[in-house]
> 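Can you keep this structure in mind? I'll have questions shortly.
Since the model is a prediction, treat every value here as computed from it, not as a measurement. The figures here come from the full heavy-atom set of this structure, side chains too, leaving out hydrogens, waters and symmetry mates.
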Amino acid sequence: MVGGLERISNRVMNLGDLVTEAARRFPASPGIVWGDQTWSWAEINARIDGAANSLLKLGVSRGDRVIVHSRNSNEMFETMFAVFKIGAIWVPTNFRIMPKDVGHIAQTAGASAIIYDCDFPEHADAARDAGVELVISFGKPRQGEHNYADLVRAGHGAKFKAAPVERDDPCWFFFTSGTTGKPKAGVLSHGQMAFVINNHLCDLMPGMTEVDASLVVAPLSHGAGIHQLVQVARCVPTILPKSASLDPAEVFELIEQHKVTNIFTVPSILHALATSSACEAFDHTSLKYVIYAGAPMLREHQKLALRKLGLCLVQYFGLGEVTGNITVLPPHLHDIEDGPTARIGTCGQSRTCMQIDIQDDEGRSLKPFETGEICVIGPAVFSGYFDNDAANKDAFRDGWFRTGDIGHLDDNGYLFITGRASDMFISGGSNIYPLEIEEKLVTHPAIKEACVVGLPDEKWGEVGTAAIVLEDDVSLPEEDLRVFLGEVLASYKIPKRFEFVPELPRSGYGKVTKALVKELLQAQADPATSLAPGEPA
């Protein structure tokens, strides 16, 4: 009892009914467009109900964990809502991960079923080896498996009544990318995700209606999937490219054809789109919100994207554990020119009803401009990691979720991220954050991309090492680069070693990760010659 009122119920809407409502309001309007195929909201909802009816008959019930391993497709989109309606838990995996990773996810989640794209039989086998009994294929099933299309047809025609759920009932196990260890299952609930949907509509895409259109350029298994939940809530059609990998020409053609108004992406994909010649070949003036998150965007890349796409960029900062809801930097706070009105280097202010605190190692709040760990509280914070008490103990302190990112707030509450605590390295006793160095490197006209990591060194502990991608058909002598950096960085921050590579390695989520770059550099290093003596960097 609180304030004399006894709590009666925590009942909330089952998020699977978002499609039910879309079908009720706009039954004939397009909900998904994929190549030359279009499904109306009524058709999508009927297919989802058919799948839910059949899954229930096969034994999938409330609380069960269902893995979905697939490329983006209308069928993958449908599984989210079918699983939600049952009251089960959707466990999507990025199709680029290895079979052993799916096995780990299946075991960690305690999954009882997997629905998979038939191009990935080894992944299904890994799940089966981890104890998953029910196997369903989007294509031709193997012995002992079921075909998803057959299940949709078998259950078609009977409306499915979504299971009652409460606010804290899990709906999604959001697996972390695992850059600092084995992926963990972040538990997202129906009530939490309802807040996230409203928050995205409030802070990221205000005014969005059914006349808008959304284009998917990232895997629906993670941030793009959350973004699509928001589209369904506003009955906005989703456009799926046919290409399995990013094709800028296809993306811009679809933007022009469908008058796309919003896209969710990550900085590396946004940069690839902005630097593509296709950007000038098609009309993209319909774009209102090009939302980017998942990693810091270098200022030079940000300015280029603004010049090419216009003032439609929206940045947010937010981990999967906070479902993207920590900060927002809306279009009107993006500025091409460096000047007194430009909010340069910030990822924005706190999202509506979310609170940020910068804390020291003991959990004390720090003052503006003091650097510490970024911590957050609010309704978008996840319920914790599934069956992982040790990780939960590390992740929370006095109710605050500890992001593991380092930064500071200014006097107006704008957040500036220095980097991840795990990205920092110590060279000769000095703490060095790679982001600052990367920002300076990409201002050189010959450099397209750069990533800086700390690698072991007997004398200095660690030394800075930069992996650099040059612009096409240019060269850059190392000494010239050192002179350039000497004018903009303290000497101890200048990397000791430079490696010029054709491209930076990316994770299955499209991100350049420090772990993958370290693997690349260590593989290329000659221990006898790779680290020259000198000042630490």
> With distance as the sole test, does Lys184 use its side chain to make a donor-acceptor pair with the main-chain N or O of Tyr385 at under 3.5 Å?
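No.
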> Side chains of Ser214 and His227: closer than 4.5 Å at any heavy-atom pair?
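Yes - at least one pair of side-chain heavy atoms lies under 4.5 Å apart.
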> Are Asp283 and Lys259 close enough for a salt bridge, meaning some N to O gap below 4.0 Å?
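Salt bridge absent between Asp283 and Lys259.
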> Are the aromatic ring centres of His123 and Tyr116 under 6.0 angstrom apart?
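Here the rings of Tyr116 and His123 have centres that are no less than 6.0 Å from each other.
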> Please answer whether the main-chain N or O of Val260 pairs with a side-chain N or O of His258 as donor and acceptor at a distance below 3.5 Å.
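Such a contact is absent between His258 side chain and Val260 backbone.
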> Side-chain contact, heavy-atom cut-off 4.5 Å: Ile358 with Thr371?
no
> Rounded to the nearest 0.5 Å, what separation is found between the OG1 atom of Thr261 and the NE2 atom of His284?
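One gets 15.0 Å once the value is rounded to the nearest 0.5 Å.
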> Is it true that atom CD of Glu370 has more than 12 heavy atoms of other residues, nucleotides or ligands lying nearer than 6.0 Å?
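Yes, because the 6.0 Å sphere around CD of Glu370 holds more than 12 heavy atoms from other groups.
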> State whether Lys514 and Glu438 are salt-bridged, where the test is any N-O pair (Lys NZ or Arg NE/NH1/NH2 against Asp/Glu carboxylate O) under 4.0 Å.
yes
> Does one side chain, of Ser73 or Trp34, offer a donor that lies under 3.5 Å from an acceptor on the other?
no
> Report yes if the side chains of Met193 and Thr323 come closer than 4.5 Å at any heavy-atom pair, otherwise no.
yes
> Counting C-beta onward and ignoring hydrogens, is there a side-chain heavy-atom pair between Phe416 and Phe369 closer than 4.5 Å?
no
> Val469 versus Ile447: any side-chain heavy-atom pair under 4.5 Å?
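No. Closest side-chain heavy atoms not under 4.5 Å.
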> Hey, do the aromatic rings of Phe401 and Phe382 have their centres closer than 6.0 Å?
yes
> Salt bridge between Asp247 and Lys242, side-chain N to carboxylate O under 4.0 Å?
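Judged by the 4.0 Å cut-off on N to carboxylate O distance, Asp247 and Lys242 do not form a salt bridge.
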> Can you tell if the side chain of Cys171 reaches within under 4.5 Å of the side chain of Met80, non-hydrogen atoms only?
no
> Does Gln192 reach the main-chain N or O of Ser189 with its side chain, forming a donor-acceptor pair under 3.5 Å?
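Between the backbone of Ser189 and the side chain of Gln192 there is a qualifying donor-acceptor contact (under 3.5 Å).
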> Which pair of heavy atoms, one from Thr176 and one from Glu321, lies closest together, and at what distance?
CG2-OE2, 3.2 Å
> More than 12 heavy atoms of other residues, nucleotides or ligands under 6.0 Å from CZ of Arg234: yes or no?
no
> Verify salt bridge (charged side-chain N to carboxylate O under 4.0 Å, His left out) between Asp338 and Arg299, making sure each step is shown before the conclusion.
CA-CA 10 Å; Asp338 295 344; Arg299 174 59 177 161; 2.7 Å; yes
> How far apart are the C-alpha atoms of Arg307 and Glu337, what are their side-chain angles, what is the distance that settles it, and do they pass the salt bridge (charged side-chain N to carboxylate O under 4.0 Å, His left out) test?
CA-CA 10 Å; Arg307 285 195 297 270; Glu337 302 300 328; over 6 Å; no
> Answer whether the closest heavy-atom distance between the side chains of Gln315 and Pro267 falls below 4.5 Å.
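No, side chains not in contact.
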> Out of curiosity, Ile67 CD1 to Thr79 OG1, how far, rounded to the nearest 0.5 Å?
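The distance works out to 12.0 Å.
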> I'd like to know if the side chain of Asn412 and the backbone of Tyr414 have a donor-acceptor N/O pair within less than 3.5 Å.
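Here the side-chain-to-backbone pair does not exist.
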> Would you call Glu499 and Arg497 a salt bridge, taking side-chain N to carboxylate O under 4.0 Å as the test?
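Yes, charged N to carboxylate O under 4.0 Å.
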> Would you name the heavy atoms of Val517 and Cys451 that are closest together and state the gap between them?
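Taking Val517 first and Cys451 second, the nearest heavy atoms are CG2-SG, 3.6 Å.
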> Quick one: CD1 on Ile406 to CD1 on Ile417, what's the gap to the nearest 0.5 Å?
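Answer for the CD1-CD1 pair, Ile406 versus Ile417, is 10.5 Å.
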> Out of curiosity, His444 NE2 to Leu485 CG, how far, rounded to the nearest 0.5 Å?
8.0 Å
> Does the Thr403 side chain pair with the main chain of Cys375, one donor and one acceptor, at a distance under 3.5 Å?
no
> Do Ile44 and Ile32 touch side chain to side chain, with heavy atoms closer than 4.5 Å?
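With C-beta onward as the side chain, the pair touches.
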> How close do Phe264 and Ala293 get, heavy atom to heavy atom, and via which atoms?
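Closest approach of Phe264 to Ala293: CE1-CB, 4.3 Å.
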> Evaluate the salt bridge (charged side-chain N to carboxylate O under 4.0 Å, His left out) criterion for residues Lys440 and Glu436: first the C-alpha distance (whole Å), next the side-chain angles of each, then the deciding distance (0.1 Å), finally the verdict.
CA-CA 7 Å; Lys440 301 303 182 185; Glu436 178 189 7; 6.0 Å; no
> Start with the C-alpha gap between Ser350 and Thr327, add the side-chain angles, then the distance that decides, and say whether side-chain contact (heavy atoms from CB on, under 4.5 Å) holds.
CA-CA 4 Å; Ser350 59; Thr327 69; 5.5 Å; no
> Using 30° and 60° as the class limits, which term best fits the ring planes of Phe120 and His69: parallel, tilted or perpendicular?
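Geometry flag for His69 against Phe120: perpendicular rings.
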> Which distance, rounded to the nearest 0.5 Å, do you find between the OG1 of Thr275 and the CD of Glu449?
8.5 Å
> Can Glu210 and Arg25 be counted as an ion pair, charged N to O under 4.0 angstrom?
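So Glu210 does not pair with Arg25 through a salt bridge.
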> Kindly determine whether Ser243 and Glu250 satisfy side-chain hydrogen bond (donor to acceptor under 3.5 Å, both in side chains), including the steps that lead there.
CA-CA 8 Å; Ser243 300; Glu250 181 187 18; 2.6 Å; yes
> Counting N and O atoms only, with roles assigned by atom type, does the side chain of Asp101 sit under 3.5 Å from a partner on the main chain of Met98, one being a donor and the other an acceptor?
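Looks like yes, one N/O pair under 3.5 Å.
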> Between Val452 and Thr465, is a side-chain contact (heavy atoms from CB on, under 4.5 Å) present by the stated rule, with each step listed?
CA-CA 6 Å; Val452 176; Thr465 306; over 6 Å; no
> Should the pair His271 and His301 be assigned to parallel (<30°), tilted (30 to 60°) or perpendicular (>60°) ring geometry?
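Rings of His271 and His301: parallel, under 30°.
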> Hey, does the side chain of Asp212 reach the backbone of Thr209 with a donor-acceptor pair shorter than 3.5 angstrom?
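Judged by distance alone, yes, a pair lies under 3.5 Å.
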> Please verify the inter-ring angle class for Phe84 with Phe81; under 30° counts as parallel, over 60° as perpendicular, anything in between as tilted.
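Rings of Phe84 and Phe81: perpendicular, as their planes differ by over 60°.
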> So, Asp335 and Lys303, do they make that salt bridge, N to O below 4.0 Å?
no
> Which pair of heavy atoms, one from Cys347 and one from Phe317, lies closest together, and at what distance?
SG-CB, 3.7 Å
> Start with the C-alpha gap between His334 and Gln302, add the side-chain angles, then the distance that decides, and say whether side-chain contact (heavy atoms from CB on, under 4.5 Å) holds.
CA-CA 9 Å; His334 281 77; Gln302 187 186 71; 3.8 Å; yes
> Do you know the tightest heavy-atom contact between Leu215 and Ile239?
CD1-O, 3.5 Å
> Can a side-chain donor-acceptor contact be found between Thr443 and Glu300 if the only test is distance below 3.5 angstrom?
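No, no side-chain donor-acceptor pair sits under 3.5 Å.
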> Show your working on side-chain contact (heavy atoms from CB on, under 4.5 Å) between Leu319 and Asp405 and close with a plain yes or no.
CA-CA 10 Å; Leu319 289 72; Asp405 287 304; 3.6 Å; yes
> Out of Asn262, Val290, Val328, which one pairs with Val314 under the side chain to side chain contact (heavy atoms under 4.5 Å, CB included) rule?
Val328
> Can you name the nearest heavy-atom pair linking Ala233 to Ile197, along with the distance?
CB-CG2, 3.7 Å
> Apply salt bridge (charged side-chain N to carboxylate O under 4.0 Å, His left out) to residues Arg47 and Glu43 and explain how you reach the verdict.
CA-CA 6 Å; Arg47 287 177 57 84; Glu43 290 170 331; over 6 Å; no
> Among all residues two or more places apart in sequence or in another chain, which pass the side-chain hydrogen bond (donor to acceptor under 3.5 Å, both in side chains) test with Thr20?
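Scan of Thr20 (side-chain hydrogen bond (donor to acceptor under 3.5 Å, both in side chains), adjacent residues dropped) gives Asp17, Lys85.
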